Amino acid sequence: MKLDTSGLESAAPVWGAPSELVDGFSAAPSFEVPNTTDFDGFQKEAIQMVKPAKGTTTLAFIFKEGVMVAADSRASMGGYISSQSVKKIIEINPYMLGTMAGGAADCQFWHRNLGIKCRLHELANKRRISVTGASKLLANILYSYRGMGLSVGTMIAGWDETGPGLYYVDSEGGRLKGMRFSVGSGSPYAYGVLDNGYRYDMSVKEAAELARRSIYHATFRDGASGGVASVYYVGPNGWKKLSGDDVGELHYNYYPVMPSTVEQEMVEVAGA
Amino acid sequence: MARYDRAITVFSPDGHLFQVEYALEAVRKGNAAVGVRGTDIVVLGVEKKSAAKLQDSRSVRKIVNLDDHIALACAGLKADARVLINRARIECQSHRLTVEDPVTVEYITRYIAGLQQKYTQSGGVRPFGLSTLIVGFDPYSGVPSLYQTDPSGTFSAWKANATGRNSNSIREFLEKNYKETSGQETIKLAIRALLEVVESGGKNIEVAVMTKEGLRQLEEAEIDAIAAEIEAEKEAAEAAKKAPPKEK
């Protein structure tokens, strides 16, 4: 399978074939297709087999002061928790963040690749790429690998010349612009808290607290989410990590243990 | 593939690329084209050979637009120009599609120059025989720009430049008379420069003006009017030169 190595290619092609001069468009990646009677059915089965459930909770929202991005840190393989300390918020460059949901390797690799492309764009054009442009580059790459088993559900959050930007991009090739997104198996729970508490005019502190609470509630109910709730803020000067709290401890912040009155105390009985 | 590896553009013993230099000759034989950048406007002017009686002059537009905010004029082989312009137009739209932003003037100039360079380093093809003047406004900064490319694939930004026939004389004139202008003054400067080498008259030059709002081709009547103004100013200057010695 031809990987997208456009970030690593050298400038001049060795075989200066005329066909390269004539078209402007390069071929999409592809691989050999097996001979089956029912190819569509085979494709569906293959997709189901490789499609992980995107066990995670990530969210991001735009508010008056910028963009707030938050995620949990649990990685699960079926019922086995493989890690409680996964970095799910990926730093593409100093003013853009990506979130990870789906295949960890896929997300990490393609975000890194996107970072390379953004940097090359900056060098070539002497100005930063917009969040719109960056998300479109990623979406186009993911679209060209559609049906090949990539699993990526990411949000690209950043601050550019036009202000705060937030896009949802996934491995089906979809790309949506929006003000609030949550991705992953814990997203329904996160949406419940986020949509309820969201206001556009929040301060950074209030927005951070909302993001933290949303992640906490998702980790409470969703088995595939847990670990540490990280909260990042993207402002005009770039992103900044605000907090990373263990959700077990957060629980006692929200539901502190109340001392209760003892009605009957158990007494040690002497002897047998 | 073996048939395509005979390169046409090869180095000479003393380091010249003769095909590229011959292409520059072809440019020097092409019609004169001038571009002048002002503070809020960029003007392109091209020499128009007198149209044959039966020719529909509207089909021979020499100044074309690549996008809403970018225009191009060229000197040299017009058929090569058509190919280059089409590729540039596609690239402008492709850029809009992939990054949801219009191209900057520098980007599309870099693309065209890159294309011209590719054809000096490939087998079985000859260089494009034209130099282009590319003008436009950058989408967000709103800064006007004028760039020039040539058959070797080099490009640079200019305050004012000329290419094609007698471009040296035009450039000399511009170097002497250029100053930061805006609006109508810039248009006059461009037409004055072109009239140095072209017969006066609206039917001999084609002028287009690029502002933030877009490209506007000037009507023959407008050009005639400005040319007349220029003539009048010239005569007044001549008269003023002759008068003082008598007064002394």
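Side chains are part of it too, since the values below use all heavy atoms of this structure and drop only hydrogens, waters and symmetry mates. Here the structure is a predicted model, which is why all the values come from computation and not from measurement.
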(request) Without swapping roles, check the side chain of B:Asp80 against the backbone of B:Gly129 for a donor-acceptor pair under 3.5 Å. (result) yes
(message) What part of B:Thr104 gets within 4.5 angstrom of chain A, counting heavy atoms only: side chain, backbone, both, or neither?
(response) side chain
(request) Check whether any side-chain N or O of B:Glu175 sits under 3.5 Å from a backbone N or O of B:Glu172 as a donor-acceptor pair, and report yes or no. (result) no
(request) Keeping to residues at least two apart or across chains, list the ring pair (Phe, Tyr, Trp, His ring centres under 6.0 Å) pairs with something in residues 117-140 of chain A. (result) none
(message) With a 4.5 angstrom heavy-atom cut-off, is it the side chain or the backbone of A:Ala139 that approaches chain B, or both, or neither?
(response) neither
(request) Under 4.5 Å heavy-atom distance to chain B, tell me which part of A:Asn125 shows up: side chain, backbone, both or neither. (result) both
(request) Kindly write out the residues that satisfy salt bridge (charged side-chain N to carboxylate O under 4.0 Å, His left out) with A:Arg128, not counting sequence neighbours, or none if the list is empty. (result) none
(message) Between A:Ser182 (side chain only) and A:Thr58 (backbone N and O only), is there a donor and an acceptor less than 3.5 Å apart?
(response) yes
(message) Holding to salt bridge (charged side-chain N to carboxylate O under 4.0 Å, His left out), I want the full list of residues that pass it with B:Arg96, two or more places apart in sequence or in another chain.
(response) B:Asp67, B:Asp68
(request) Quick one: sort the A:Phe61 and A:Tyr198 rings into parallel, tilted or perpendicular, breaks at 30° and 60°. (result) perpendicular
(message) Only heavy atoms, only distances under 4.5 angstrom. Which residues in residues 130-137 of chain A are near chain B?
(response) A:Ser130, A:Thr132, A:Gly133, A:Lys136, A:Leu137
